[in-house]
> 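My questions will all concern the structure given below.
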Protein chains: 2
Amino acid sequence: MTRSEENYLKAIFHLGNGEPGPITTNAIAEQMETKPSSVTDMAKKLAEKGLVHYKKYQGISLTDSGTRTALSIIRKHRLWEVFLVKKLDFTWDEVHEVAEQLEHIKSEKLIDKIDALLDFPKYDPHGDPIPTKDGKFMERDKQLLSDMPINTQGVCVGVKDSSAPFLKFLDKNKIALGNTIKILDKEDFDQSLQILMEGKELRISHQIASNLYVKKND
Amino acid sequence: MTRSEENYLKAIFHLGNGEPGPITTNAIAEQMETKPSSVTDMAKKLAEKGLVHYKKYQGISLTDSGTRTALSIIRKHRLWEVFLVKKLDFTWDEVHEVAEQLEHIKSEKLIDKIDALLDFPKYDPHGDPIPTKDGKFMERDKQLLSDMPINTQGVCVGVKDSSAPFLKFLDKNKIALGNTIKILDKEDFDQSLQILMEGKELRISHQIASNLYVKKND
DNA sequence: ACCTATTTTTAGTTTTGTCTAAATTTTAAT
DNA sequence: ATTAAAATTTAGACAAAACTAAAAATAGGT
């Protein structure tokens, strides 16, 4: 399994997560920052290896085997992210780039030991669930902060956008996973929110609220 | 800097360490388990980049820049080895293969944090010195056990052969770095040694003794 | 100094993963 | 149902890193 093959499987998995049915060639090309013709080439190779279903012009989807492989890479990526934050004091906006490299290290023992060292974490620094060794995936019951009604509250458990700029913005405004957030008011005009968080009131834009996940509590 | 280029620089460094002067194409090919023609190709590319001195038929040697790069890779390799042993309970015969992959991870912050996590170790699990961030290399003052005279003693500080079979043999016979070894007798016939180690007497072959380093004390 | 054996390089090919440009298929709109 | 637009695939090319086979250079022995 080459690095490039692994990256394709990961991309297909991410694109397919949520939407059912096959993924388009163009969508994969965009995700991978490559050209559609390259995607077609890779689709054929992955189909040969039984990792994807592929019929010309009909899009691409992961086989069970492909899904297992993708999950194992995502597992590695997210465990390394936790390692970097918990053991090496990386900030959550720094981990992605390095984890993109570490996820391709081939050693089952290594990742199992990292898992144990971290005490078998269930979520990565962005709140995304870490697949288990056997590919089980527990997506958390969560909703976007922007979808919460006024006067309800919830615990911040994840980000939708995990780009460095967004994460840095959150740090600067002391918004962190685990914080309890209460919606005080919603502005009709621009849908910005007045919130109470850790004892302080602040106003956040819809853009921000629609990229923050909050635990759905009963 | 590609992975392959890094591996060539590392190989050239290891071959050049000890012997002065340029390294032969064949020697590199053997070390890298590749063909001489491939080495020639790479020599040209590395020369282009100012990492090696190369003149046709005249052998290859590292430039200062090439040496710095090689040392940084060796530094990463050895730090990862220490990490695997100290933090993840790998045995010293298991670490090389994984470190061969980890040494190519590109993140200065990562390796500096690993260094700090390990409390800035000076030697790797096989007793080899770890280059500092600025490429300083402190080779330990050591000698082969086979070169020690009778009735002298020393502390075991390294292995010359760090292959898995040899390391496993040492484990099985409870020979570990840090042990104090006293030469009781040397057999003229096969140059095998009678030694006293950790309170127990045992006999080891010349083959073994010539692959164990002992600290040169006074 | 010459000849041979060894070493090294060159030339041409392969594989992997990418690209561009052209051709083809599908989709969607009228 | 046609047709234009969009998406996808094919064909051909390229770069990296390896290979094989053949050519060239060096080194050693007499």
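To find a chain, count down the sequence lines: A is the first, B the second, and so on, and within it residues start at 1. Predicted, not measured: the structure shown is a model, and the values here were computed from it.
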> Under 4.0 Å from OP1 or OP2 of C/dT10: is there any side-chain N or O of B/Lys56 that close?
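Result: yes.
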> Could B/Lys109 and A/Phe90 be counted as a cation-pi pair, given that NZ or CZ must be under 6.0 Å from the ring centre and within 45° of the axis?
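The answer is yes; both the distance and angle limits are met.
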> Just the rounded figure in Å: distance from P of C/dT16 to CG of A/Leu46.
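In whole Å, C/dT16 P and A/Leu46 CG are 13 Å from each other.
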> With a cut-off of less than 4.0 Å, is there a side-chain N or O of B/Thr40 near OP1 or OP2 of C/dT10?
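Negative; the distance criterion is not met.
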> Begin from the C-alpha positions of A/Lys142 and A/Val214 and carry the test side chain to side chain contact (heavy atoms under 4.5 Å, CB included) through to its verdict.
CA-CA 5 Å; A/Lys142 70 197 178 189; A/Val214 172; over 6 Å; no
> Any side-chain N or O of A/Ser4 below 4.0 angstrom from OP1/OP2 of C/dT16?
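So the side chain of A/Ser4 is outside the cut-off, no N or O lying under 4.0 Å from OP1 or OP2 of C/dT16.
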> Distance check needed: C/dT26 C1' versus A/Gln58 CD, whole Å only.
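Rounded to the whole Å, the gap is 9 Å.
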> In terms of side-chain heavy atoms of B/Lys44, which of D/dT10, C/dT10, D/dT9 is nearest?
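Side chain of B/Lys44 sits closest to C/dT10.
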> Write down the distance between CZ (B/Arg3) and C1' (D/dA15), rounded to a whole number of angstrom.
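Taking atom C1' of D/dA15 as the reference, CZ of B/Arg3 is at 18 Å.
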> What's the CD-P distance between B/Glu5 and D/dA15, to the nearest Å?
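My rounded result for the distance is 16 Å.
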> Below the 4.0 Å mark, does D/dT9 have OP1 or OP2 next to a side-chain nitrogen or oxygen of A/Tyr54?
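Result: yes.
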> Applying side chain to side chain donor-acceptor pair (under 3.5 Å), name anything that partners A/Asp119, two or more places apart in sequence or on another chain.
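Listed in chain order: nothing, the list is empty.
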> With a 3.5 Å cut-off and heavy atoms only, can you find an N or O donor on one side and an acceptor on the other between the side chain of A/Ser37 and the base of C/dT20?
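Result: at least one qualifying N/O pair found.
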> Can you measure A/Met42 atom CE to D/dT10 atom P for me and round it to whole angstrom units?
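Going from CE in A/Met42 over to P in D/dT10 covers 16 Å.
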> Kindly indicate whether a cation-pi arrangement holds for B/Arg140 with B/Tyr123, taking the cut-offs as under 6.0 Å to the six-membered ring centre and within 45° of the axis.
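Yes.
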> Taking DNA chain D as the partner, which of residues 99-107 of chain B come within under 4.0 angstrom of it by heavy atom?
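Result for residues 99-107 of chain B: none.
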> Output the rounded distance in Å from CD (A/Glu48) to C1' (C/dT16).
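It works out to 15 Å between those atoms.
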> Sub-3.5 Å donor-acceptor pair from the side chain of A/Thr40 to the main-chain atoms of A/Pro36, do we have one?
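Yes, because the side chain of A/Thr40 sits within donor-acceptor range (under 3.5 Å) of the backbone of A/Pro36.
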> In whole angstrom, what separates B/Lys35's NZ from D/dA21's P?
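Taking atom P of D/dA21 as the reference, NZ of B/Lys35 is at 10 Å.
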> Do any side-chain nitrogens or oxygens of B/Ser38 fall under 4.0 Å of OP1 or OP2 in D/dA18?
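The answer is no; no side-chain N or O of B/Ser38 sits under 4.0 Å from OP1 or OP2.
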> Between atom CE in A/Met32 and atom P in C/dC19, what is the gap in whole Å?
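Checked: the CE to P distance equals 10 Å.
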> If you check the B/Asn26 side chain, which of C/dT8, D/dC19, D/dT9 turns out closest?
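Given the options C/dT8, D/dC19, D/dT9, the side chain of B/Asn26 is closest to C/dT8.
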> Enter the distance from A/Asp128:CG to A/His77:NE2 here, rounded to the nearest 0.5 Å.
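The CG atom of A/Asp128 sits 8.5 Å away from the NE2 atom of A/His77.
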> Using heavy atoms to find the nearest nucleotide of DNA chain C for A/Asp41 and B/Lys55 separately, return the residue whose nucleotide is more 5′.
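Per heavy-atom nearest nucleotide, the more 5' residue is B/Lys55.
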> Counting only side-chain heavy atoms from C-beta out, which of D/dT26, D/dT9, D/dC19 sits nearest to B/Tyr57?
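Side chain of B/Tyr57 sits closest to D/dT26.
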> Any chance CD of B/Glu187 has more than 12 other-residue heavy atoms, nucleotides or ligands included, within less than 6.0 Å?
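Atom CD in B/Glu187 is packed in, count exceeds 12.
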> Examine A/His126 together with A/His96 and report whether their ring centres are nearer than 6.0 Å.
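Here the rings of A/His96 and A/His126 have centres that are no less than 6.0 Å from each other.
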